[in-house]
Amino acid sequence: MQCPSCRGQLETIKYERVEILQCPLCSGTLLDEPSLNKIEKTRGRFISRNQSHTVTGHYDGPRTCPSCDITMEKVKYGKYSPKTIDRCPQCDVIWLDKGELEDIQVAYEMFDENTNKTKGPQ
Ligand SMILES: [Zn+2]
Ligand SMILES: [Zn+2]
């Protein structure tokens, strides 16, 4: 499958024990929603929270689904700090640019921590 962003060839990789497709050239990822939910709930051990993802030259135009070739929809994802992501309405796959997957994970972890804080110490 071809990368919808830079036309590189997508490769299957393991991310947090979940198989997803990633572009070796631009580090964009293609995955389905159950996989994204699984990754989101996994604590990212290697993610530095102080690391800021300043993506330069971020492309925000319409993307074509690498699987079925139709234009992907922009949808909001995430409960705590929603991100705009690209989703194919036909085959239900999600495209994330470099850094967006980590952003979603970090946002979820922060949400999780805040939830624990309101419960107070045991
Ligand atoms: Zn690419
Ligand atoms: Zn599709």
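Everything numeric here is computed off the predicted structure, so don't read it as measured data. First listed ligand is number 1; within each ligand, the first listed atom is number 1.
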Near the Zn ion (ligand 2) (under 2.8 Å) - protein N, O or S atoms: C65 SG, C68 SG, C88 SG, C91 SG
Within-4.5 Å side-chain heavy-atom neighbours: D86 and K74: yes
Smallest separation among heavy atoms of L25 and G8, with atom names: CD1-CA, 3.7 Å
hydrophobic_cluster_shared for I70 and V93, side chain cutoff 4.5 Å: no
pair V18-L36: side-chain heavy atoms closer than 4.5 Å: no
Close side-chain approach of M72 and P62, heavy atoms under 4.5 Å: no
Protein N/O/S atoms closer than 2.8 Å to the Zn ion (ligand 1): C3 SG, C6 SG, C23 SG, C26 SG
D32/K38 ion pair, N-O < 4.0 Å: no
Main-chain N/O of T42 paired to Q105 side chain as donor or acceptor, under 3.5 Å: yes
Residue pair S81 / K83, side-chain heavy-atom distance below 4.5 Å: yes
Rounded distance [0.5 Å steps], CD in E19 versus OG in S35: 9.0 Å
